[in-house]
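The structure appears right after this line, and notes come after that.
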Amino acid sequence: QFFLALSVGIASLGLLMGELWLIHGGRARLALALEDMAALASERTALDATRSLAERTARDRAAVHERFIPSDGLVAFLKRLEGLGKHAETALSVETLSADSASPDTPLEEVALRFTATGEFRNLVHLLALVGSLPTAVTITSARLETAPAGEEDVSLWRATVFLRALKSA
């Protein structure tokens, strides 16, 4: 009987140790599952934060985007510039135009152009003010005003030679 009780005790101890091993293994699996859930929750929180940031800044990003010449808008920009010349009662002519990548890291191109305009002095000054107030980010890098060359019929005319730069979406 002693051996029977001893073997039942040993068997019970073996079962108890097996159960403890299963419980410990279950805890380890549970801990891994909880870590995975925490990682997913963290990813979800980051995704929600990114989505929220995109929604909050949509208007600002659109406003910044409007400051650039659209990728397909260079011709429209030049026509607008010529329209400003007409509005200011000057004869405007684009002389040179070039577009180069602003930087390999940005989707922008730098547009450089030179135009001349002829008209009365006050109209040329008005034209420069109009160009400087365009909603597109334009930098007038140089403007030279000079009287019309000798021999021209109307000596009240002036000529402006203007160099400017703007950014265009690539």
Side-chain angles (χ1 to χ4, degrees), residues 31-170:
L32 288 174
L34 288 174
E35 285 178 21
D36 289 345
M37 287 176 60
L40 288 173
S42 177
E43 288 176 16
R44 176 81 172 170
T45 301
L47 181 61
D48 289 345
T50 302
R51 194 174 284 134
S52 174
L53 178 63
E55 290 169 0
R56 285 192 324 266
T57 61
R59 182 178 293 160
D60 294 336
R61 286 182 289 114
V64 167
H65 183 70
E66 289 174 5
R67 300 283 293 158
F68 304 128
I69 300 169
S71 60
D72 61 348
L74 189 55
V75 172
F77 175 76
L78 295 174
K79 287 184 179 182
R80 185 173 196 178
L81 197 59
E82 290 171 347
L84 291 177
K86 288 179 185 175
H87 178 76
E89 299 178 6
T90 64
L92 186 143
S93 173
V94 175
E95 303 289 324
T96 61
L97 172 69
S98 67
D100 294 316
S101 179
S103 163
D105 300 335
T106 62
L108 299 173
E109 292 179 347
E110 184 178 55
V111 175
L113 66 90
R114 178 182 61 141
F115 70 85
T116 58
T118 305
E120 293 182 16
F121 183 82
R122 66 182 172 85
N123 293 347
L124 292 174
V125 171
H126 180 61
L127 173 64
L128 292 174
L130 291 173
V131 170
S133 66
L134 282 170
T136 307
V138 172
T139 302
I140 297 174
T141 57
S142 170
R144 186 177 67 224
L145 295 167
E146 56 193 6
T147 57
E152 293 222 357
E153 293 177 22
D154 191 349
V155 291
S156 67
L157 292 181
W158 286 67
R159 176 176 297 130
T161 304
V162 180
F163 293 86
L164 64 87
R165 296 192 179 282
L167 290 177
K168 178 178 100 52
S169 299

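One is the number of the first residue; the rest follow in order along the sequence. Computed from heavy atoms alone, side chains included, the values below leave out hydrogens, waters and symmetry copies.
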Check: In Å and rounded to the nearest 0.5 Å, what is the OG1 to CZ distance from Thr136 to Phe77?
Finding: 6.0 Å
Notebook entry, point to check: Between atom CG of Leu92 and atom CG of Leu81, what is the distance when rounded to the nearest 0.5 Å?
Noted result: 5.0 Å
Checklist line | Partners passing side chain to side chain donor-acceptor pair (under 3.5 Å) against Thr57 (at least two apart in sequence or in another chain) | finding: Arg61
Margin query: Using the salt bridge (Lys or Arg N to Asp or Glu O under 4.0 Å) criterion, which residues pair with Arg59? Sequence neighbours excluded.
Written below: none
Checklist line | Distance, nearest 0.5 Å, that separates OG1 of Thr118 from CZ of Arg159 | finding: 5.0 Å
Next item on the list: Supply the atom-to-atom distance Phe115 CZ to Thr90 OG1, rounded to the nearest 0.5 angstrom.
Entry: 8.0 Å
Review item, side-chain donor-acceptor pairs of residues 160-169, under 3.5 Å, at least two apart:
| from | atom 1 | to | atom 2 | distance (Å) |
| --- | --- | --- | --- | --- |
| Lys168 | NZ | Ser71 | O | 3.4 |
| Lys168 | NZ | Glu109 | OE1 | 3.2 |

Notebook entry, point to check: What distance separates Ile69 CD1 from Leu78 CG, expressed to the nearest 0.5 Å?
Noted result: 7.5 Å
Checklist line | Under the side chain to side chain donor-acceptor pair (under 3.5 Å) test, residues paired with Ser52 that sit two or more places apart | finding: Arg56
Margin query: On a heavy-atom basis, which atom in Arg80 and which in Leu134 lie closest, and how many Å separate them?
Written below: NE-CD2, 3.8 Å
Checklist line | Shortest non-hydrogen separation from Ile140 to Gly132 and the atoms involved | finding: CD1-N, 4.3 Å
Next item on the list: Can you sort out the partners of Glu120 under salt bridge (Lys or Arg N to Asp or Glu O under 4.0 Å), two or more places apart, ordered by chain and number?
Entry: Arg122
Check: Taking only residues two or more places apart in sequence, or in another chain, which ones meet Ser93 in a side chain to side chain donor-acceptor pair (under 3.5 Å)?
Finding: Glu95
Checklist line | Closest approach of Asn123 to Ala88 (non-hydrogen atoms, all atoms of both residues) | finding: CB-O, 3.0 Å
